[in-house]
Structures are given as structure tokens and as C-alpha cells.
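Below is one structure; the comments refer to it alone.
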Protein chains: 8
Amino acid sequence: LRTGFPEVIWSQGKTPEQIIQIMNAMRSQGTPLIMTTRLESDIAEIVSLGVPDLRYYPLAKIGAIGKIEQKYQGKISILTAGTADLPVAQEAAITAELCGFEVERLWDVGVAGIHRLLNHRHIIDNADVLIVVAGMEGALPSVVAGMAPCPVIAVPTSIGYGTSFGGVAPLLTMLNSCATGMGVVNIDNGFGAAMLAGQILRLANRFTNRKKNPHGR
Amino acid sequence: LRTGFPEVIWSQGKTPEQIIQIMNAMRSQGTPLIMTTRLESDIAEIVSLGVPDLRYYPLAKIGAIGKIEQKYQGKISILTAGTADLPVAQEAAITAELCGFEVERLWDVGVAGIHRLLNHRHIIDNADVLIVVAGMEGALPSVVAGMAPCPVIAVPTSIGYGTSFGGVAPLLTMLNSCATGMGVVNIDNGFGAAMLAGQILRLANRFTNRKKNPHGR
Amino acid sequence: LRTGFPEVIWSQGKTPEQIIQIMNAMRSQGTPLIMTTRLESDIAEIVSLGVPDLRYYPLAKIGAIGKIEQKYQGKISILTAGTADLPVAQEAAITAELCGFEVERLWDVGVAGIHRLLNHRHIIDNADVLIVVAGMEGALPSVVAGMAPCPVIAVPTSIGYGTSFGGVAPLLTMLNSCATGMGVVNIDNGFGAAMLAGQILRLANRFTNRKKNPHGR
Amino acid sequence: LRTGFPEVIWSQGKTPEQIIQIMNAMRSQGTPLIMTTRLESDIAEIVSLGVPDLRYYPLAKIGAIGKIEQKYQGKISILTAGTADLPVAQEAAITAELCGFEVERLWDVGVAGIHRLLNHRHIIDNADVLIVVAGMEGALPSVVAGMAPCPVIAVPTSIGYGTSFGGVAPLLTMLNSCATGMGVVNIDNGFGAAMLAGQILRLANRFTNRKKNPHGR
Amino acid sequence: LRTGFPEVIWSQGKTPEQIIQIMNAMRSQGTPLIMTTRLESDIAEIVSLGVPDLRYYPLAKIGAIGKIEQKYQGKISILTAGTADLPVAQEAAITAELCGFEVERLWDVGVAGIHRLLNHRHIIDNADVLIVVAGMEGALPSVVAGMAPCPVIAVPTSIGYGTSFGGVAPLLTMLNSCATGMGVVNIDNGFGAAMLAGQILRLANRFTNRKKNPHGR
Amino acid sequence: LRTGFPEVIWSQGKTPEQIIQIMNAMRSQGTPLIMTTRLESDIAEIVSLGVPDLRYYPLAKIGAIGKIEQKYQGKISILTAGTADLPVAQEAAITAELCGFEVERLWDVGVAGIHRLLNHRHIIDNADVLIVVAGMEGALPSVVAGMAPCPVIAVPTSIGYGTSFGGVAPLLTMLNSCATGMGVVNIDNGFGAAMLAGQILRLANRFTNRKKNPHGR
Amino acid sequence: LRTGFPEVIWSQGKTPEQIIQIMNAMRSQGTPLIMTTRLESDIAEIVSLGVPDLRYYPLAKIGAIGKIEQKYQGKISILTAGTADLPVAQEAAITAELCGFEVERLWDVGVAGIHRLLNHRHIIDNADVLIVVAGMEGALPSVVAGMAPCPVIAVPTSIGYGTSFGGVAPLLTMLNSCATGMGVVNIDNGFGAAMLAGQILRLANRFTNRKKNPHGR
Amino acid sequence: LRTGFPEVIWSQGKTPEQIIQIMNAMRSQGTPLIMTTRLESDIAEIVSLGVPDLRYYPLAKIGAIGKIEQKYQGKISILTAGTADLPVAQEAAITAELCGFEVERLWDVGVAGIHRLLNHRHIIDNADVLIVVAGMEGALPSVVAGMAPCPVIAVPTSIGYGTSFGGVAPLLTMLNSCATGMGVVNIDNGFGAAMLAGQILRLANRFTNRKKNPHGR
Ligand SMILES: Nc1ncnc2c1ncn2[C@@H]1O[C@H](COP(=O)(O)O)[C@@H](O)[C@H]1O
Ligand SMILES: Nc1ncnc2c1ncn2[C@@H]1O[C@H](COP(=O)(O)O)[C@@H](O)[C@H]1O
Ligand SMILES: Nc1ncnc2c1ncn2[C@@H]1O[C@H](COP(=O)(O)O)[C@@H](O)[C@H]1O
Ligand SMILES: Nc1ncnc2c1ncn2[C@@H]1O[C@H](COP(=O)(O)O)[C@@H](O)[C@H]1O
Ligand SMILES: [Mg+2]
Ligand SMILES: [Mg+2]
Ligand SMILES: [Mg+2]
Ligand SMILES: [Mg+2]
Ligand SMILES: [Mg+2]
Ligand SMILES: [Mg+2]
Ligand SMILES: [Mg+2]
Ligand SMILES: [Mg+2]
């Protein structure tokens, strides 16, 4: 249906045997690139017995077989507020790369030290699509969306304690943002953020070679 | 900063006098198009005493002065699950039109009568960006995102009673969607959905006349 | 009291010894069929030492002794949105079979790929009672109830992460459904769904051989 | 689609003009019976200017035009815990009657005075389907389902104060019931309860004149 | 301060060493009876190395040293809805006995089988104080308080799954009870229930040998 | 059933006509004392047209007819944290007086000025039963129960703003109290607190003239 | 007790008569400055009949009589994210001024337009104590506390809609802040923020003329 | 930026290798004092292989290297309600000491035994800044703030069970306090409390040797 993007299996709640079976079935149907998310390293080891060419990305908890068929124009820029948000950011980054996009990473630019973010202003100014990952107070996407001239995808993470309530606090921060041009995905859903960014850039790729609107900017 | 889009005032919690003053100040600074959201009709009437050329959209609760400077390529398609979701959908539609986009409307295609949605499949198939507005169970964006080859923006509404909890139920439905390529905005935030759709299409407009990637689709 | 259905023991929070003792006591009182739910496999192993003819259904986590006395007319059709919902669906299926009903299973027809569901339309069209099991956004029962000319029992599951809140998200989706003819049970309560389906079909069986209302359909 | 039941309009969030227009449109398409729920009395008065034959049920807040085409076998028995639950119970009762069912009413038999319920045991013993409506602690459906040999539909109401949280307390009570054979609908959703009861009895009506299973009871 | 009742140590969050040290310190100050609650069996084993005469009640998770000094008139009657509620009920029972009260136990009389409760009506009719322990829907205290001519203490337990939310569901049921003469304690707080029952009976003991009010009953 | 206490009607959600009808019906059946709670003053005025001897207590929102038949020994002492808690405290006080108990009142002794409470220590020291009413942080019952040698009934009120969440904050404070001998009732439930206090003192009255336990205190 | 600060009456839930009576009683006891918060303008008008010298601050909803006795060193700097937060900020500002502090105001510097805040950096750099008031996403205090070398008091406001949940969203943002040196008060509690700021500066005033620690900075 | 205080690393969610690397990098940049919070003992052991001079405080779960450069005037007084609150209180105490402040500790003075607190009144009367740590009902800060003539920082802890909801109950108690001069930090955030106390005292240190306001106290 959505050709050009990999087929995806959600490993959570599946046995290694089920994952092996689905992967091999998809492969034998000719699927060029198959990825699986939320794949714990111990499960990955068993899966690779039945899928010997499985590539495993431990931080992102993604497994993949096959090769990226198509490269798209445009870049997905991924920011995190803290280093503890890295697993979610990497889930987004690897997904985006497997979908055929260039990825730019900027880690640990949370709002409690706003100067670090301001020092990287050019990354925001020149972005095509931004994925902004943050836990705890989750304020980074608001600040970034206020500065960015492009779509921003906000990903709350479950990083924190006490009243972070497993990611509810940053989720609410992001949904209530005064800044515009921002969409929110589920807590820890780096995969979903990358898929939305991918859809946005794929649309932009479809506009390539259209004749520019003479009255437009 | 975000030239090409109107300047926006959030009327909620402001007096008519404050709104008049801000609108006139912006106008005298040369702002070509100024809009204000969440403007109740009684407030609008007072505001139009001080801003005589105010255009008022009662369903969307939007007021505007000035003219749309720039037309963008691409269309924003807006769907609702029920007729009670119309005010939120219209807030999105008017905002999108004031930002310079063509808008396509499809009302009352909720999932409890899936055939109605399937009868309008071509709208989904040919969309550039979809805004899907739904209250109560809020399942429409999931179904649409599963069918659509483009970005989907999901807007939960506060329509419902009992366990809809003022829009929390559809919000959770949308955040938990198994379908990919979907971003969520705050409850009843038609304005925010349009601004995100606008950013997405503006990005696509920037891609126009770029040379197509020879290895891409 | 409710003769014709098996006696049921809720294993959760009981020791193997207690379960053995209750099962044997019921058997010696002449109970023809005894089942126990939420029986973990390690507990089941110990129980089978004291109840040697225990049949154990690992996916459903049900144990049973004795035989089904009575077959009822009518069929219980069970659908799931994903494969991760299988344990709950199987709890419903095995319970229904032990109660004397025919069961029809249809797995992995979630709304994010609506065509799969539509390909199985005949199952919905010809159902007597439907049990629809879904986690994450939990939208499947709404779509099914909109299509089905029979009672629908919706079962939310705790499958998901982040804002699924252990099944609260699909529960709310189901309670807020715009589709009619639907009743909801507790999160992960496959057993309860089957018991309600059983009561519904038992009522229908009591209507068998009643003279048809001449003015009715 | 679901022939035999009236067409239903949800008045909440609709203007009188919209309701008049939809009712008249449905009537001119030949719909024999049209009802509308959540119709406030002041709106009903305006609607009856455009729909002169509108019958209005003030306690149930239901409006209807046309006549009941078809009578079904079987009876829907409706119980309430308190008198404050009457509006919800009447919404269920009128809906059920408009759908063609006989309705039996038993008000104010809450569990805090269990003897009153026990004095009416025969109503429970002889019911086909039970709708049990309760607010505050919402314990009545549990007790009834433990006694009843038939399906029970539990309706939580928003009656109460403090920790009843607008009906959440009785909703949770009902979802957590130890008694089996019970399905739950949204808070204050008397309409939905009647529609489910209707589907259950319609199924039973379809079983009428089937040949009894020789091995069944 | 509250002489006549044992000194109590809350073991949760304390090391075995701390518990030993506090117990021995209290004993050397002449405290006749010392008890500790929430004492896990593995901790109890270590504690008994330093407190050799420690009596341990495994179901109640209570440890005690010393002897009951004083017997009070009156009886504390403890009921549970299910067998899974036993640990909480036993915490109440052992605490009450250590405080010097006679305890009457009645297990597994939940409302889903109301006849079992009615068969033990005399226990309710003749009670001085009732402690009613229930999880899941938590409806038992309401029914009992409606029948009982004495104070009822309701104890919600964390027994259940899904929407029982760790005891919140039965807690809300109890707080919203239509029956009067009932006080509620924290989830799983059998200890607190016994202490309140103890205070109530101690007050009654203080009334013993007062001259009866000639105008009273 | 619970003779000696007045018959009680909960006015909330009832029409004046219904209240008049129930009151007169009870009176004609010989009920000596009838009271109704949550009776707004405008409803009370209409009710008194049909029940001319209605006594109305505006702060407590209680109406009553008939006379107190029986006086009990013992006193109910009622404390509030603030003056805004008075309506709830008065509901408790008037209920208690109508049930035949002496009432002692102590207002505005909240913990933020602990010296005021300590200045009234003798009231706590000499109490039979204490009802402690508090909103906002709701800490007063904990402090009082730590000092009091008798049962304490804690009543959270909906007084406050922001995170008081309509009484949830003080309710949680009371349920989590480290002090023992305390039972909690629903938010704003002064009536329920008085009924529990009444049951406690009635039990104590039944102990009057029993022979003192020679081994007891 | 806390001399030097005004006596404060919380008007919410008090009648005008009660407020008049308390104010006059305090005045006749010699209290030099009396203020009352949450005083609605219509109540203020009635109060000023009995308290003719009442000064009323309508935006802050504060009434006051008497004069400020004492001026403290140090300044309280108050920032808001939006103009809708002004009533809360003014409650803080007027309270601070009545307590004898100099107040500096900076409105509408929310993080969605971070440049506005950065343009006023000197205010943050030179502050003694900062009160930062924000609704919706409530991210401003985090950014400010990351920049400020002094204590920051964060005040969430109930400004917003949908998932702002009456101020819960900004409250959680503030409690989860990664920036240090920040304390949070209740939603909309401008008064409380000023009182804390006042205590902080009063402590600093007590340090004035202490001899500087030779080893300190 | 905030010179004079140690550099801080939040260990939660970081690998030992990452912690070692960050510590050594900071050290080589000349940072005089580096501390890390939420450092579990097993991680600490590994970290000390790469950072041999690491000092580890097991109760506080803090690791530190380097020496305290600067001593400030003023004292931070830390109180706990129970002994189970000690880990959080020690996190505050060690942080405060590493920041260069004198710390005074008072453990186990919860409000359920108010006399213990009153026996230590002088500690409150003579405090510069108070940090008050409490779980369960969390009432201690309210009582203390009502007595204290200085800023109070309230720290809710996750100690408790049932309706303490992991610290939400004491958090709400603290946010709703009627006492003034109190700021609240996140659940279990002893570190944040100390940093706020540190900022308050550092401000006061800056006031040292300022000339006293002649009209001030
Ligand atoms: N980490 C993830 N979070 C949310 N959805 C996912 C994730 N990974 C995969 N999915 C979705 O789950 C679908 C596959 O689910 P399944 O059929 O259960 O393997 C894919 O089409 C994806 O849309
Ligand atoms: N009170 C009610 N509660 C829930 N759903 C209702 C109610 N009344 C009508 N409905 C449903 O709403 C649908 C009509 O919605 P609408 O198209 O907005 O008028 C009907 O098909 C019913 O299924
Ligand atoms: N299971 C329990 N639940 C609630 N409170 C308890 C429990 N056990 C003991 N307590 C209370 O905790 C106090 C002792 O706490 P601690 O000083 O921490 O040992 C006792 O005075 C009891 O009031
Ligand atoms: N807006 C406010 N929010 C919170 N507490 C307040 C407020 N205004 C006054 N107070 C507190 O309420 C106390 C007075 O309450 P009361 O005795 O009810 O008038 C004062 O001592 C203040 O500490
Ligand atoms: Mg960082
Ligand atoms: Mg519709
Ligand atoms: Mg699937
Ligand atoms: Mg009743
Ligand atoms: Mg049982
Ligand atoms: Mg007061
Ligand atoms: Mg602004
Ligand atoms: Mg203690």
C-alpha cells in the first residue's frame, strides 16, 4: 500500500518464533526491506538464528533485513533534550534512515540550558522536518517550534520520575504548546515520529518538479 | 518570523478593548492579514466597533482583517466524524484558507457507518494533507491514516458525554493509533491542525522546482 | 443456579493447594464441568499433581476438568485487532467452547488496515454474537458494531504502551462508541465477554420453538 | 441497514433548524419511525414548530415521529437503584418501546435496602434481558447479575457528588463486577442500553421456530 | 498515649536491623505488647534472630512480642467478599485480637452470590462493629451497612485487574455508598480498620456501668 | 429498620412535588421525625407550601418535620479547619442533633495555625466521637486523631481551588493518615459523618449498664 | 506571628457581611494593614459599604485597608508567559507591594517566542527573586530558572483549554523541570508565590549587616 | 554559569561508562566539585573503577569527587515525617553540604504525634530555610510553615501504599497548604529542594554587608 517504506513488525508481545516466521514469509513474498521495532536484545539473538542476515540496532531496539531501495530528498533533523532520551531518538533515526531519508542528530539541548540550543540555531533554521524528543517537563519542542520555519514532530518520553507519570507530563506540555506547526505522537513513539516525518517529506518529494505557483513565494 | 501566514491573536481571556488595540497596532505596523481565534459572537460585535472591516466567521469563531497575500500549491482536506465536530473543523478550514491554501471539506463520515467513508475513498486517495476531526471514540483518524498515502493530522474534539471526559477519550484513541503517519494536536485545536498542515504544505512548496532525485520514485 | 454452564474458579491470588481443594470438592459434589481462569503454567503444573485429569490451555491460561454436557445452538464469533490480543481472545474462545458454544475465530483485522476486515465481511454479516477484542486505540468494535446486525461485546486489552495506560485508552474508545448494540467488559476480561455472549445465546435458545410473532419480522 | 429499529438523531450539539431539517428529510425518504435523543424541552418546542406531529417525552428527553412498525417477542426489564436515576432509565424505556419491545419498570431498589430488591425477585427470575441503572456506588447490577439467569446491561449514571466523579465511580463498580453475564455502556447512556437489549432480543426472535437442539436443554 | 493498645511499628521501608533495634528498645522501656505490620516472611526470619520470641502471622504479615494485657467487651466481626481478600482481613483480625478484642470471621460472602450473605444474616444482626473487606467492585460494605444496626468499617483491597486500578474502584464504591453508618480506610489497610473498630469498642467499654438514659431506648 | 434515627430524604435531583409527596406519605405512616438533606432554599420555600411545619436550616441545607423522640448519652464534637467548611460541618451538626445527640462545635482550628488547636486541647481530650471537617490540604484530622483517645470521622470538603480538585486533595490526605482510629466519608458528606458517629454512640449506649469486664481497664 | 506582613483574609466562600466583620475586628485590634484575596468586584462593592476606606484592585481581585508599615530591601521580579496570565501575576504583584517590596513586571515573554525573553535577559540576570507565571504548557519557568542566578517561584495558571486540564499541564511541567532553584505553588496562587518571595527576601534582609564570610564568595 | 555550586550529573538512565566519561571530562576542564545523583550502589562500584576517588553516600545515592570550595553563611534545616523518608532527606542533606551549607537534621516528627514536633520548636523558630520531607498524608510542611518565620521547601515522597499513589497524595497536600511561605518540588526530589534552599541562602549571602534599610525591621 505504502510502497517505498519498509514493512514493519511490532515485536512487543510476539515470540521469537513468530517474528522469524513473519519475517521469512514477508521476504519470500518479495518485500525488499523488513524492519521490526521494540526488539529486545535477547529476543534479537534468537531471531537471528532463524534470520541470519538480521541487522540489530541495540539502542534503537530495531532489527532489519534487506536493503533500502529508494532515497528521498530532504533531511530529518532529530533533537533531544537529554541523553536519557537517546533510545527513543535513535528509534526515530534508524526508522528514518531505513525509510530512505538523511538524518541529522543533535542531542542534549534541553531548555534548562537554553544557550546550548541557541548555539545550534542554524540546525533549526535550515531543517526540513524536525523531530524533537523530550522527557520530564518536555518543553524543548515548544521552544524549537517557536523558532523553526518547518513542521515539528514532538515525542514525549517516559524519562523522569514522580510527577512525570511515565511521560504524561511532557505529553501534556507538548499538546498545550503555544507554538504552532507541531504534531504530537504517543509517549516513546520514535518510530511513529519518523513515519510521520517520512510522510511529510514524501509529500514534498511529490511536489518536486511541479511548476512553481507564480503568485506564491 | 513566519512570513506568508497571518498574524494570529488568541481572543480567549482578552477584553474587546485589548483585541481592538492589538489588531490596530498590528495593522499600523503593516501586517497584511490579521486573524483572531476563539472570538465569541458578542465580543466580535464590540470588536467590530473599533475594527470596522472585521470579517467574522461565526461557526469557526474567527475574526479577520486584511487580505490573503499569497496562494500556495496543495490542498488541505478536512474530514469530520459527526456534524457536532463542525465548529472545530471550520476553525481549521478558515485558518487554512486565510493562510492561502485550498480546502476540501467532507463532513459526517464517522466509523460507525464505515460505508459512507468508503464511498469517498477518492478524497483520501488524492489528498495532500488530511485533517481528521472526531469526538466521542475518535476512531476516524486511525481508519483514514490506514488508507491515506499522506500525512494525517488528528484533532480530538470535546463532543460527547460521560467517559468522553471532554475530549480525553478521542485524544487517547488518536495517540494510540496503530496506523502510521499521524500527528495529534490538542483537544478542539482546529487552528493548530491547520497551522501544522500549512507548515507541511509550505515545505512541499519549497521543494517545487527542485530537480527530482533520479534514484527516487 | 446457572446450570448448563461450567463452575468457574478465579485462580489469581489462590495457592495451587487451594485450587486443587476447591476443584476436587466441586467434583465430589457432582459438578460435571469445572474450569479455572488466570491459571499460570507453573501453577497449572502443580495443580495437575492433585488433579491429574486437568486439561490446560496455555494461551488462554485456563484449566478444566469434566466434560461439556450440553451443546447450544448459535455461534460466538471472536475477532481481534492484533495478534498481541490473542491471549484475551483465546480466554473468551475456550470459555465459550466449555460453555457449549461453537466458536469462530478471526484474528488481526485491526482498523489500521480496514481492507482486511472488509474482506471478511461475511463473518460479521452472518454472526449471532460478536466478541471484538482490541488494545491500543481499540477502534475495531466501533467499526464492527456499525456493520453488524447482532449484539457486539467489546473487550479492551492492556496491549500497548505510553498512553494506552494498561487498557484505559481502548476501554474509553469502546464506551464512547457512536455505534449501537455494544456492551463493554473489563480490560482483558475475555472470560466475562464469553459469559455474556453465552447468556445472550442461551436466551435465544429459550426462544427456539416459540411461535413466531405474526406481526413481527 | 438495521431495519426494524427507528432512525435516531442525537440532538446534542445540533440546532433546532438542523433537527427539523434532518427529521423531515428522513420522513420524506420514507423512514417509518424517527426518534431523537437528548432533546431539551426548549429545543423540542422549537422543533415541533417545524415538525408538528412531534411526540415529546420530557423525562426521557426523547422526541419521535411516525409509528412503531413491528412488535418483537420478549420483554426488556428496567431497574433503577434510586429515583434520581429515572431520566436515564426512561431514556432506555422509551427507546425500547419505540423499537417494538415490551418494557417492565422497577424503580428504587438500590442495594442499601436489599430487602426491597428481594421482594421483587420474581421480576429478575422471569426476565429476558435486564437493564440495571445506578449512580453513586452503582452496586445494583452486580447483585442483580448474580441472581439473574439472563443477560444484564449495566448503565452507570452521573447521579451523586464528590467521589462519584460524574459517574466514574458506578462505571468502575460495574466493570469490576464479580458477577458474570453483564455488559456495560457509557455513563447515562440509557439509549445505548436499550439498543443493546434490542439487538439481544432481536437475535432471540431470529431463533424462534428454529428446531430445538435435541442434545440441548 | 493510647494505653491499652499495643505499640506498632510499620515495617515497610525499614531494614531488619532497624526493626530489631526498635522492638528491643520498646521492650526495654517496658512496653507490654509490640507488634509490627507489613513484615515480609524473609524479613521476619532475620528479625527473629534478634528478637527470638517473635510470633509471626504469615497471612497477616504481622510480627508480635509480649502479651495482651487487657480484654475488652464486645466483638469485631470481619467479613470478606472473596478469598483473595484474606490477607487484608487477617491483618485486621490479628490486630484486633492483639488489641484485646474477640474476633468473628466470615469469608467469601460477596454480593455476586447474595444468598450466601443472607444465609449469615444473624452475624450482621448481632454484630457490635463490622469490618467489611472487598476488592474488585467493592459492593459488599454497602449491602452490609444497609442491613446492619451498628458501625461498619469498609476496607477496599487491591485485588482485581484492569479497571480495579489497584483498589481505586472498590474505594470509590465504598465512599459513594448510599447506606449510612459507614467509614472508609485506605486501600488494603486492615490494620487501620481494626484500630478504628478498637477505638469504637473502647468508647463503648467506657460507657459500661454508666446509668442508662431514662428517656433513651 | 434503624429505629430511633429520623427517616431521611436526599433532595438532590428531586422536584419539590416529589419531596412534599414523600414527606407527607412518611408522616401519614406515623414516622415521628423526617429530615431531608441538600435542600436548596428556593426548593425549601416551595416544599413548605405543601409541608407547612417544615423547619429549614439554611446553612446545613436541611429541612425537617416532627420531633426528636429519643435522647442518647454521649456527645458528638465537630471541628472545622476553616470557616468555609461550615456548611458541611453544620450538615453534620444538625443531623446529629436530629438523631438525638448533644453536639459540640469548634470552628476554624486548621493546622496552619496549630496553636489555636492546641488552645482547645481539652475538647479533643474529652470527646466521645470527633467529626473533623477540612478542605484544601485536609491535614486537621491527622493531627486530631494523633491526639484523640476516641474514634475520629474525617470529612473532606470541596473548599479550595486548583489542585484541591473539588475535595480530592483532602480526601487523599485523610485516607493516607499515619494516625489511627480514623474513618473517612465522601467529600462534603457531613450527613454521613453524623450517621456514623450516631451508630458509634448508639453502640456505646447499648453497652451502658453492661457489667464491666473485671480484667479490663 | 509573622509581623511585618499584612493580615490576610481569603474571601472565597465568605459572605460580604463576614468579610466586613473580620476586617473591622482586625482593625480594632490594631492591625496596621489588612488585605483580602479572591474578592470579586460585586462583593467588593458591598464590602466597601461597611469598610468605606477599602482600596480595591480589580485585576488582582484584592481589597486592602491600612498602610504599608515597613519597606524591605530587594525586588520581586514577576514574569508572565501570556497576557491571559495577568490576573494571577497581579495578585502576586499587589500582594508583594502590600508586603513592602518593590516589584518589577515583565509580561508576555512566553517560550514560543524565545527572542522576546532573551531581549529582557538583564531583568533575569539582575533579579533577587523571580516569580514566573505561565499557563498552557507552562515552560517559561524552566527556561528562566536555567538562566537565573537566584530563586525562582513558578506559578501555573488555569489558562488554556483541552489538555491544560485547568492548570494541571503547566503544574506538571513546572514540577518536572530540569532546571534547579525552583519551587512551585498551587495553580493560580499568585498570592502564595508572593508570600514565599517575601519570606525569601525577609531572610535576606535579616542577613544585611552580617559580616561577610571571609572564605565565601 | 552558577559558579560556587557543584556540577551535577543525573545518573538515572546513564551507563557507568557514560558517567565515568562525563566526570573525567568535567574534571579535566577544571571543575572543582562534581556530584552525581540517583546513583545505585552497584553502578557506583563500577564507576569507582574509572573514578577511583569517588566518594559514595549510599542512603542519599549520591557520588562525588573534588572538594567544597566555598562555605556560605546560613543553615539548611531538614525535617522528615517518618524514618522511611530518610533517603530523600539525605539526598537533600548531602547536596546541601556539597554546596557549602551547614545542615541541621530532625527526623521522624510527623503530625500524627504532634508533641514530638512541638518539643523541637526551637529548631523551627531559629531556622534560616526549612526543607520538610513527608510521604503518606504529607501534612508536616503545612504545620511547620504555619510556625516558621522563614521560607519552607516541601518535598513529597513516594512512601506509602494504596491511595498515596506514589507520592501524589502528599504532593497535593503540600500544594493546597493554607500556610504561606512554602514552595513545592517534585516527588522524592531531595536534590531539587536543596538547590532551591541553596539559591535562597546564596541570595541572603549577597545581602550581607548591605546597609540596613533604616525604615525596615
Ligand atoms: N514502536 C511502534 N510503535 C507503534 N506502532 C508500531 C511500532 N512498531 C510498529 N508499529 C506498527 O505496528 C504495525 C505492525 O503491527 P503487527 O502487525 O502487530 O506487527 C506496523 O504496521 C506499524 O504501523
Ligand atoms: N443518547 C445517545 N447516546 C449515544 N449515542 C447516541 C445517542 N443518541 C443517538 N446516538 C447515536 O448517534 C447516532 C446519530 O448521530 P448523529 O448523526 O450525530 O445524529 C445514532 O445512530 C445513534 O447511534
Ligand atoms: N499497616 C499499616 N498501615 C497504616 N499505618 C500503619 C500500619 N502499621 C502501622 N501503622 C502506623 O504507623 C505508625 C508507626 O510508624 P513508624 O514510626 O514509621 O514505625 C504506628 O503508630 C501506626 O499508627
Ligand atoms: N489566594 C489565596 N490562596 C491561598 N491561600 C490564601 C489565599 N488568600 C489567603 N490565603 C490564606 O488563607 C488564610 C486566611 O484564611 P481565612 O482564615 O479562611 O480567611 C491566610 O492566612 C492566608 O494564608
Ligand atoms: Mg542536558
Ligand atoms: Mg453521523
Ligand atoms: Mg496487524
Ligand atoms: Mg432508594
Ligand atoms: Mg466468592
Ligand atoms: Mg483560618
Ligand atoms: Mg505571547
Ligand atoms: Mg513515626
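These values consider heavy atoms only, across backbone and side chains, with no hydrogens, waters or symmetry-generated copies. Lettering follows sequence order; numbering is per chain, from 1.
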Task: Approximate separation, where rounding is to 0.5 Å, of D:Arg210 CZ and C:Asn205 CG - done: 8.5 Å
Task: Straight-line distance of D:Asn189 CG to C:Met182 CE, nearest 0.5 Å - done: 10.5 Å
Task: Donor-acceptor under 3.5 Å (D:Gln73 side chain, C:Phe207 main chain) - done: no
TODO: Walk me through it: do D:Asp128 and C:Leu203 pass the test side chain to side chain contact (heavy atoms under 4.5 Å, CB included)?
DONE: CA-CA 7 Å; D:Asp128 289 327; C:Leu203 173 76; 3.9 Å; yes
Open item on the list: Please rank D:Leu172, D:Val129, D:Leu175, D:Leu201 by heavy-atom pairs under 4.5 Å with chain C and give me the top one.
Closed with: D:Leu175
- [ ] Please confirm whether the backbone N or O of C:Thr180 pairs with a side-chain atom of D:Gln199, one donor and one acceptor, at under 3.5 Å?
- [x] no
Open item on the list: For a 4.5 angstrom cut-off between non-hydrogen side-chain atoms, does C:Cys150 reach D:Arg206?
Closed with: yes
Open item on the list: Counting C-beta onward and ignoring hydrogens, is there a side-chain heavy-atom pair between C:Val185 and D:Val184 closer than 4.5 Å?
Closed with: no
TODO: Evaluate the side chain to side chain contact (heavy atoms under 4.5 Å, CB included) criterion for residues D:Asn209 and C:Asn209: first the C-alpha distance (whole Å), next the side-chain angles of each, then the deciding distance (0.1 Å), finally the verdict.
DONE: CA-CA 4 Å; D:Asn209 280 350; C:Asn209 280 350; 5.8 Å; no
Open item on the list: For the interface with chain C, which of D:Gly74, D:Pro151, D:Gly183 has the highest count of heavy-atom pairs at distances below 4.5 Å?
Closed with: D:Pro151
Open item on the list: Which atoms of D:Ile200 are under 4.5 Å from chain C, going by heavy atoms: the side chain, the backbone, both sets, or neither?
Closed with: both
Open item on the list: Can you tell me which portion of C:Leu171 sits under 4.5 Å from chain D's heavy atoms? Options are side chain, backbone, both or neither.
Closed with: side chain
